[in-house]
Peer 1: 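Input: one structure, supplied below.
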Amino acid sequence: MRMYDLITKKKHGEALTDAELAFMINGFVAGEIPDYQMSAMLMAIWIRGMDEHEIAELTKVMAASGDMIDLSPIPGKKVDKHSTGGVGDKTTLICAPIVAACGGKVAKMSGRGLGHTGGTIDKLEAIPGYNTTLSREKFMEIVKTLGVSVIGQSGNLAPADKKIYALRDVTATVDSIPLIASSIMSKKLAAGSDCILLDVKTGSGAFMKTIEDSIHLAKTMVSIGEAAGRRTVALITDMDVPLGQGIGNSLEVIESMEVLKGRGPKDLREVSLQLASNMLYLVGKGSPEECRALAEKAIADGSAFHTFEKMVTAQGGDASVLSDYSKFPQAPYKKDVVAERSGYITHMDAEAIGETSVILGAGRETKDAPIDFSAGLHLLKKYGDKVEKGEPIATLFTSKEDKLRESAKNYEAAITIGESAPAARPLVFARVEKTGVERY
Ligand code: URA
């Protein structure tokens, strides 16, 4: 078999066989297929696409390129969750303890921030002492006893994806549904859970800017999961507007704790409850309505918050910060951004707002740059809100005084204030299961 022939085949729009996909991925990981041939193949896939069987097989081979985690020693159904990435998306911190408090098992490996989007592991590391690199044994032990543990992704999880992603990043081939779906699902299959809940974000702060593209990506990932024997459901949720009010690591942990204590912003609470209910549905805790009631009860009776506290303690963190927020590192500099005119907020550019949080220090400008856990934004006014000229619309927090002016300008530019109130946007647009798509 020769890579040259496989590139030719895909260039003409033909499907690759299982054996050809295995040859290509295994050869690339082993260093036998050079980057330039793989780059040509990625562009051929970008242009010609792949059929459903090819995508499922590509994903399986990529998953098997490294560790395949065996969670079978943990009794009960394990459920994983994946978000395609957003701004202010802290739902894992809320859903994971809710599901565990209701008897589900969440053995979760999460990622760090990428570009303008935040990552769960960076948020958890804002909790003093929280260890995101546990041994496999300790991780499994915590899930067995508490029902939940969240750690960083192991270095050898789907190495084929790591290598291919690095090439896609520099060959303009990131935005391809077969490539995004196989990238995400290879890591989910390797992580070993029985069920997978996907949160496919849509809108200005998401990879997928339109609802139709988001549904197409969701359907592709659901069919990959189901073909691999994992029960998979996807929700299409809004990322045209940042989720909640806090953006930045400590701010997001605090806001998540507020939701777990029965308070917090309504949009974040609603999306988190819908995600948690679907995770409970996947592990067989009842009908969607029954699962929603269970999730609400876990917040109301404090069991979800206490589960999170126990997980933090088990992973070496100082759980007292979850009740006394003044123990989080405090940003030395803060500044209010005010409305430039009176009216209604008719648009928030979520990607630009995420980039503003990075400038303030909440994300990384370069791969290994440190994070300022205290940095970020608190959004005082959101999409649809009425504002008066000169009224504060957001507060910026940072340790870098010289970044305040630039960040305030960027934030102002990201907000559009119009004459009249815009139409309300749904928080969840659709639910995709193997049986079909339900639009809301
Ligand atoms: N997230 C991933 O893990 N892979 C992609 O290709 C896109 C988003």
Side-chain angles (χ1 to χ4, degrees), residues 25 28-29 38-39 41-47 49-50 54-56 58-67 69 80-87 89 91-92 108-122 150-193 196-210 213-225 228 230 232 234-237 239 350-351 354 363-364 367:
I25 295 300
F28 183 56
V29 172
M38 194 57 162
S39 301
M41 175 60 89
L42 291 170
M43 188 54 83
I45 294 173
W46 192 97
I47 294 166
M50 285 183 133
E54 271 181 298
I55 302 175
L58 171 67
T59 309
K60 267 199 250 166
V61 190
M62 284 167 65
S65 66
D67 297 346
I69 298 178
D80 202 346
K81 163 188 174 291
H82 183 87
S83 154
T84 55
V87 180
D89 179 11
T91 53
T92 293
K108 176 126 183 65
M109 294 188 174
S110 287
R112 295 193 180 277
L114 191 67
H116 70 280
T117 66
T120 301
I121 288 305
D122 294 330
V150 185
I151 60 169
Q153 203 170 286
S154 98
N156 199 36
L157 202 78
D161 174 59
K162 213 177 201 167
K163 257 191 111 174
I164 292 173
Y165 196 93
L167 267 193
R168 287 169 59 207
D169 216 12
V170 292
T171 55
T173 51
V174 168
D175 55 342
S176 143
I177 286 181
L179 297 177
I180 296 176
S182 55
S183 164
I184 291 174
M185 292 304 288
S186 62
K187 289 173 285 206
K188 294 292 111 184
L189 298 187
S193 285
I196 303 162
L197 192 267
L198 300 163
D199 179 6
V200 178
K201 300 287 186 194
T202 193
S204 69
F207 264 112
M208 294 287 129
K209 308 288 183 203
T210 69
D213 279 352
S214 306
I215 289 179
H216 184 183
L217 176 63
K219 278 169 134 178
T220 307
M221 293 197 288
V222 167
S223 86
I224 295 172
R230 317 288 174 93
T232 308
L235 294 187
I236 313 294
T237 71
M239 191 37 70
E351 185 165 344
R364 293 181 185 81
K367 204 167 123 264

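Whatever order the structure lists them in is the order used to number ligands and atoms, beginning at 1.
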Peer 1: Have S183 and D161 got a donor and an acceptor in their side chains that come within less than 3.5 Å?
Peer 2: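 A donor-acceptor contact under 3.5 Å links the two side chains.
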Peer 1: Mind checking whether K187 has an N or O less than 3.5 Å away from an N or O of ligand 1?
Peer 2: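 Yes - when backbone and side-chain N and O of K187 are compared with those of ligand 1, one distance drops under 3.5 Å.
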Peer 1: For S183, counting its heavy atoms only, list the atoms of ligand 1 lying under 4.0 Å from any of them.
Peer 2: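 Ligand 1 atoms under the 4.0 Å threshold to S183: 2 (C), 3 (O), 4 (N), 5 (C), 6 (O).
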Peer 1: Under 3.5 Å, is there a donor on one side chain and an acceptor on the other for S182 and T59?
Peer 2: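 No, no side-chain donor-acceptor contact under 3.5 Å.
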Peer 1: I need the nearest protein heavy-atom contact for atom 8 (C) of ligand 1: residue, atom name and distance, please.
Peer 2: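 Heavy-atom neighbour on the protein nearest atom 8 (C) of ligand 1: F207 CE1, 3.4 Å.
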Peer 1: Does one side chain, of T237 or K201, offer a donor that lies under 3.5 Å from an acceptor on the other?
Peer 2: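 Yes, because at least one side-chain N or O of T237 sits under 3.5 Å from a partner of the opposite role on K201.
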Peer 1: So does R230 pair up with D80, basic N to acidic O under 4.0 Å?
Peer 2: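 Result for this pair is no, no salt bridge flagged.
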Peer 1: So which protein heavy atom does atom 1 (N) of ligand 1 come closest to, and at what separation?
Peer 2: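 Scanning the protein heavy atoms, the shortest distance from atom 1 (N) of ligand 1 goes to I184 CG1, 3.7 Å.
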Peer 1: Kindly write out the residues that satisfy salt bridge (Lys or Arg N to Asp or Glu O under 4.0 Å) with K219, not counting sequence neighbours, or none if the list is empty.
Peer 2: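 Salt bridge (Lys or Arg N to Asp or Glu O under 4.0 Å) check on K219 returns nothing, list empty.
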Peer 1: Does the residue I180 have a heavy-atom contact with ligand 1, meaning some pair of atoms that are separated by less than 4.0 Å?
Peer 2: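 Yes, I180 has heavy atoms under 4.0 Å from ligand 1.
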Peer 1: Is there at least one pair of N or O atoms, one from H82 and one from ligand 1, spaced under 3.5 Å apart?
Peer 2: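 Min N/O separation from ligand 1 is not below 3.5 Å for H82.
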